[in-house]
Amino acid sequence: MLTVAIPKGALLKDSIRLLKAVGLDFSTFLESGNRQLQITDPTGTAKALLVRNSDVSVYVEYGQAQLGIVGYDVLREKAPNVAQLVDLGFGGCRMSVAVKASSPYRSSLELPLHGRVASKFVHCARDYFETLDLPVEIVPLYGSVELGPITGMSEAIVDLVATGNTLRENGLIEIDVLFQSTARLIAHPLSYRLNSDNLNHYVDQIRSQIKAAVGV
Ligand code: PRP
């Protein structure tokens, strides 16, 4: 049976809506109080796994899910061995460098040599500062990275910015953007090549939905 890995959190609603539009109904995941992590669509056509955004590519890479929906930020950070098929357009955000608004820094290159940069996206952060040829110490965190500069533990953070509210409410400002991110449809490479469980049909349907939504 076709299995789709769906991300919890910010991408969940749009992911469910998109899959519903191509005939796969996993809206049980949106019901308050739902604790099920694996459900089958009412027609018995496909199964969905509810996983963290950062774990979607793991299930797809290992082949437990043939399809997955995941943020481009995660694909950049983890560089998983999956086929990247469609830019789904939703979940727009950017990976940015931010500092305390009261700090003197207004671009990444002004940060002090060997200063600290806190991030959940250590590979993205490291690659970025290497590109700038600016040696910094990347401090890995799992969340609430804004506290790095607030507490003085780090000069800067590399983190996702969507509305900008989290930065604003914590007295931080963006000084550089590494890249833009949106949700992507990914597939297990071999399953995609072999068209396992009629996977290509759903990929085509999703592509058409996205094209119709952006009017091309
Ligand atoms: C992300 C990100 C920022 C926030 C940005 O955190 O790490 O903290 O969202 O969104 P905004 O610009 O719309 O305010 P997330 O909600 O994933 O929580 P986490 O830090 O606990 O991972």
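One is the number of the first residue; the rest follow in order along the sequence. The figures here come from the full heavy-atom set of this structure, side chains too, leaving out hydrogens, waters and symmetry mates. Counting convention: from 1, in listed order, for ligands and their atoms alike.
The ring pair (Phe, Tyr, Trp, His ring centres under 6.0 Å) search around Y105 returns none, not counting sequence neighbours. A search for ring pair (Phe, Tyr, Trp, His ring centres under 6.0 Å) contacts involving F179 returns Y72, not counting sequence neighbours. Partners of S15 by side-chain contact (heavy atoms from CB on, under 4.5 Å), not counting sequence neighbours, listed by chain and number: I6, P7, L11, I69, F90.
Using a 3.5 Å distance cut-off with no hydrogens or angles, the side chains of E174 and S96 do pair a donor with an acceptor.
The shortest non-hydrogen separation linking Q66 to V60 is O-CG1, 4.3 Å.
Heavy atoms of other residues, nucleotides or ligands lying less than 6.0 angstrom from OH of Y202 number more than 12.
Each of K120, G143, S144, E146, D159, L160, V161, A162, T163, G164, N165, T166 has a non-hydrogen atom positioned under 4.0 Å from some atom of ligand 1.
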